[in-house]
Amino acid sequence: MFTLALSVCAQARFSYLHMKYLFFSWLAVFVGSWVVYVEYSSYTELCRGHECKNSICDKFQKGVIDGSACNSLCEKDTLYLGKCLSAKPSNQAKVGDQANLADLVTLVFGVADSNKDGQISLSEAHSAWALLQLNEFLLSIVLQDREHTPRLLGFCGDLYVMEKVPYVPLYGVSLPWMVELWIPASLRRSIDQWAAPSWPRKAKIGIGLFELVEDVFHGTFGSFLMCDVSAAGFGYTERHDIKVVDARRIVPEAAFQEAMRERRCEEDSDCMYGRDCLTSCDLTKHRCTTEVTQPNLAKVCSTLKDYLLYGAPSEIKDELEKQLYACIALKGASEQMEMEHSLILNNLKTLLWKKISHTKDS
């Protein structure tokens with residue numbers, strides 16, 4: 001009996017030590033993985049930052065390109081390439097026939113004239129042409145008189161510098177993918193809501209996003225499609241003004257239609273562009289159609305639904321929910337849809353604005 005008791009105690013102690021060892025081993029691996037992730041994600045060579053800088057500066061020193069940021073990047077070393085946000089190649093951007101090209105050319109010339117001497121040199125023209133192939137740069141020019149895109153600070157070749165957006169993503173907490181794997185969806189939503197601003201400030205952010213939809217829908221320079229409306233693509237300032245931080249998937253409608261017209265398909269899922277722009281598959285031709293099944297506003301309402309309803313004042317919550325679901329249900333691009341689009345957009349902005357207009361957050 002005594003020997004058996006010792007054996008049981010020894011096994012229990014071994015089991016406890018074994019569990020303790022496994023726990024601390026897992027903790028060490030977790031912490032180590034976090035450190036490696038932070039270092040790895042910010043390491044500039046992931047995007048070949050050093051090579052990019054050398055290539056840009058070589059062209060600048062040879063007089064091939066020019067721009068307002070070239071001296072800071074290549075001679076003064078006051079501008080450096082930090083954390084890599086994407087290693088994907090850029091997408092070309094095009095402006096459709098419906099755009100006001102004369103006004104757009106004037107805007108482009110104003111940006112391209114980096115030394116403000118009233119003339120566009122060949123090197124400045126090279127830089128401007130390279131930049132115009134980037135959706136996000138084109139959008140920043142088109143919306144430069146609005147407050148929804150970060151201010152352009154300078155450029156050199158196809159590298160451009162924008163003001164920093166202090167709060168990213170639009171809502172929630174940005175976590176490494178390794179941590180995301182271990183967090184249940186319900187807990188993730190709770191963390192996102194906990195980290196969000198107060199409801200009046202969320203309402204102001206929501207109004208800003210609705211105004212962005214207005215700006216890119218049949219604007220002066222044509223229509224743009226928002227093909228990734230995830231929270232990671234947007235941020236906001238200290239005053240809770242919305243800012244687009246990743247406009248690579250906000251594309252000119254004409255360019256989108258041209259790309260989809262050439263895409264072969266077997267089913268509708270083959271006609272997805274980015275994360276949120278879906279068209280249908282014409283099975284008689286096995287080609288994608290060019291009209292999106294869901295307009296920009298419906299996608300934005302889907303993104304904002306939980307964000308705005310959580311913590312909403314009780315006196316407007318039911319009406320807000322009704323308007324948001326009506327918004328999400330918008331389909332197609334018919335003339336009737338455009339009327340519904342305008343009506344729902346105005347209703348949502350008015351509902352939110354009336355509730356916060358008397359507060360300091362407005």
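Not measured: the values here are computed from a predicted model.
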Query raised in the report: What's the spacing between L351 CG and I207 CD1 if we round to 0.5 Å?
Result: 9.5 Å
Query - SG proximity flag C227/C277, limit 2.5 angstrom - result: yes
Query raised in the report: So, R261 side chain and T290 main chain: donor-acceptor pair closer than 3.5 Å or not?
Result: no
Report summary line: Taken to the nearest 0.5 Å, the spacing of L159 CG from C57 SG works out to 9.0 Å
Query raised in the report: So, D66 side chain and S123 main chain: donor-acceptor pair closer than 3.5 Å or not?
Result: no
Query raised in the report: With side chains defined as the heavy atoms from C-beta onward, is the minimum distance between C281 and E267 less than 4.5 Å?
Result: no
Requested in this report: Report the relative orientation of the aromatic rings in Y273 and F256; use parallel for angles under 30°, tilted for 30 to 60°, perpendicular for over 60°.
Outcome: perpendicular
Query - N/O donor-acceptor pair under 3.5 Å between D113 side chain and D117 backbone - result: yes
Query raised in the report: Are K202 and Y307 in a cation-pi setup, meaning NZ or CZ lies under 6.0 angstrom from the ring centre and within 45 degrees of the ring axis?
Result: yes
Query raised in the report: Under 4.5 Å between any side-chain heavy atoms of E211 and H148, yes or no?
Result: yes
Query raised in the report: Does T279 reach the main-chain N or O of T289 with its side chain, forming a donor-acceptor pair under 3.5 Å?
Result: yes
Report task. Tell me, please, which residues at least two apart from D276 pass side-chain hydrogen bond (donor to acceptor under 3.5 Å, both in side chains). Result -> none
**Report entry** Beyond-backbone contact of D246 with D228, side-chain heavy atoms, under 4.5 angstrom
**Finding:** no
Report task. Kindly work out whether a path of hydrophobic side-chain contacts (I/L/V/M/F/W/Y, heavy atoms less than 4.5 Å apart) joins L345 to I316. Result -> yes
Requested in this report: Just do the disulfide (SG to SG under 2.5 Å) check on C271 and C265 with the steps written out, would you?
Outcome: CA-CA 7 Å; C271 300; C265 62; 3.9 Å; no
Query raised in the report: Between K62 and D58, does at least one N-O distance fall below 4.0 Å, as a salt bridge requires?
Result: yes
Query raised in the report: How far does CD1 of I328 sit from OG of S302, to the nearest 0.5 angstrom?
Result: 5.0 Å
Query raised in the report: Could you walk me through whether V161 and L152 pass the side-chain contact (heavy atoms from CB on, under 4.5 Å) check?
Result: CA-CA 6 Å; V161 184; L152 178 66; over 6 Å; no
Report task. Apply side-chain contact (heavy atoms from CB on, under 4.5 Å) to L304 and F210, showing your working. Result -> CA-CA 10 Å; L304 288 177; F210 290 138; 3.8 Å; yes
**Report entry** Linked, directly or transitively: L134 and F155 (ILVMFWY side chains, under 4.5 Å)
**Finding:** yes
Requested in this report: Indicate if V300 and L278 have the same hydrophobic cluster label, given that clusters are the connected sets of ILVMFWY residues with side-chain heavy-atom separations under 4.5 angstrom.
Outcome: no
Requested in this report: Validate the cation-pi geometry between R201 and Y236: distance from NZ or CZ to the six-membered ring centre under 6.0 Å, angle to the ring axis within 45°.
Outcome: no
Query raised in the report: Is a side-chain donor or acceptor of Q323 paired with a backbone partner of I344 at a separation under 3.5 angstrom?
Result: no
Query - salt bridge (Lys or Arg N to Asp or Glu O under 4.0 Å) against E315, all qualifying residues, sequence neighbours excluded - result: K355
Query raised in the report: Quick check: does any side chain N or O of K243 sit under 3.5 Å from a backbone N or O of E147, one acting as donor and the other as acceptor?
Result: yes
Query raised in the report: For the side chain of R263 and the backbone of M272, is there at least one donor-acceptor N/O pair under 3.5 Å apart?
Result: yes
Requested in this report: State, yes or no, whether a side-chain contact exists between F234 and L209 at a heavy-atom distance under 4.5 Å.
Outcome: yes
**Report entry** Pairing of K349 and E214 as salt bridge, 4.0 angstrom limit
**Finding:** yes
Query - V251 and F224: CA distance, side-chain angles, deciding distance, side-chain contact (heavy atoms from CB on, under 4.5 Å) verdict - result: CA-CA 5 Å; V251 298; F224 287 74; 5.8 Å; no
Query raised in the report: Could you walk me through whether Q133 and D158 pass the side-chain contact (heavy atoms from CB on, under 4.5 Å) check?
Result: CA-CA 9 Å; Q133 311 311 307; D158 60 357; over 6 Å; no
Query raised in the report: Is L153 linked to I56 within one hydrophobic cluster, defined over Ile, Leu, Val, Met, Phe, Trp and Tyr using a side-chain heavy-atom separation of less than 4.5 Å?
Result: yes
Query - Main-chain N/O of L308 paired with W199 side-chain donor or acceptor, under 3.5 Å - result: yes
Requested in this report: Answer yes or no: is there a donor N or O on one side and an acceptor on the other, between the side chain of S140 and the main chain of F137, under 3.5 Å?
Outcome: yes
**Report entry** Co-membership, hydrophobic cluster, residues L352 and L309, 4.5 Å side-chain
**Finding:** yes
**Report entry** Min side-chain heavy-atom separation L139-R248 under 4.5 Å
**Finding:** no
Requested in this report: Please tell me if the side chains of S230 and R275 come closer than 4.5 Å, counting only heavy atoms from C-beta onward.
Outcome: yes
Report task. Quick one: pull up OG in S223 and CD in Q257 and give me the separation to the nearest 0.5 Å. Result -> 9.0 Å
Query raised in the report: Hey, are the side chains of K204 and D241 touching, using non-hydrogen atoms and a 4.5 Å cut-off?
Result: yes
Report task. State whether the side chain of D270 and the backbone N or O of E266 hold a donor-acceptor pair below 3.5 Å, judged by distance alone. Result -> yes
